[in-house]
Amino acid sequence: MRFVGVVSDSWTVEEVRAFVQEAGVKMTVLLDEGDALYGKLGVRLHPVILIADGKGVLSAFEPFRQINYCERVKARIRLVLGEVTEAEVARVDQPERATTRTEEGVARRHLNFARTLLRIQQREKALEEVQKSLAILPGADAYATQGEILASMGKCPEALRAFDAALKIDPDHAVAREGKQGCGR
């Protein structure tokens, strides 16, 4: 079995190389000039995984989804190989909802959202999210992220307090150490 990535030519070669390197992808990635392959298959969803049988006949395609994506692709491949039934694939497509909600999970979601907001320069909203995380579960990562946000806002005295709080919990926290240096200490 071989995996080959195909991307639209709306990406430049340099963008594809950078993405592949950042993602750590270990497969060939082809640039689809003029979206010829996508057009031939009638697929207009980007990204998508195409699954072909041993004769090269398209058996299924799986559009990207953030939830359960890898399991869905594995199930489709196993269906093509004859290892599972359509009913088993259907169970993967519609898994039972999780009933356990932990405080740690909620705090982690707020923290991850704060990091995302920081990346897109929405600092005030990022600060609100990291504060929600800290209210639930104070931790070194959350304090370090709070420090990063405050430093990006030019609030180094407050950022230093957050970095110090992170280092008090984890004296080897790399982000907090770097953040302190960035604020001049």
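For the atom pair Glu128 CD and Lys125 NZ, the distance stands at 8.0 Å (nearest 0.5 Å). Rounded to the nearest 0.5 Å, atoms CZ (Arg109) and NZ (Lys132) are 12.5 Å apart. Expressed to the nearest 0.5 Å, how far CG of Asn112 lies from CZ of Arg115 amounts to 6.0 Å.
Across all their heavy atoms, Leu167 and His173 have their closest contact at CD2-O, 3.8 Å. Closest approach of Pro171 to Arg177, counting heavy atoms only: O-NH2, 2.6 Å. The shortest non-hydrogen separation linking Lys180 to Asp164 is NZ-OD1, 2.6 Å. Counting all heavy atoms, side chain and backbone alike, Ala75 lies closest to Val84 at O-CG2, 3.8 Å. Closest approach of Leu134 to Ala142, counting heavy atoms only: CD2-CB, 3.4 Å. Ala144 and Ala166 get closest at one heavy-atom pair: N-CB, 3.8 Å.
Listed by chain and residue number, nothing satisfies the side chain to side chain donor-acceptor pair (under 3.5 Å) test with Ser133 (two or more places apart in sequence, or in another chain). By the side chain to side chain donor-acceptor pair (under 3.5 Å) test, Arg108 is found to be paired with no residue, residues two or more places apart in sequence or in another chain being considered.
For the pair Leu137/Glu104, a side-chain contact is recorded, criterion being any heavy-atom separation below 4.5 Å from C-beta on. Put simply, the side chain of Val130 does not reach to within 4.5 Å of the side chain of His110, judged on heavy atoms.
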task: Please assess Thr85 against Glu88 for the test side-chain contact (heavy atoms from CB on, under 4.5 Å), listing each intermediate value before the final yes or no.
output: CA-CA 5 Å; Thr85 65; Glu88 290 168 303; 3.3 Å; yes
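Between Lys74 and Glu71 there is a salt bridge, with a side-chain nitrogen of the basic residue lying less than 4.0 Å from a carboxylate oxygen of the acidic one.
Without hydrogens or angle criteria, Glu129 side chain to Ala126 main chain gives no donor-acceptor distance under 3.5 Å.
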Could you tabulate the donor-acceptor pairs under 3.5 Å formed by side-chain atoms of residues 150-158, not counting sequence neighbours?
residue, atom, partner, partner atom, Å
Ser152, OG, Arg123, NE, 3.1
Ser152, OG, Ile149, O, 2.7

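A single hydrophobic cluster is seen to contain both Leu111 and Leu127, as judged by linkage of ILVMFWY side chains at heavy-atom distances under 4.5 Å, directly or through other members.
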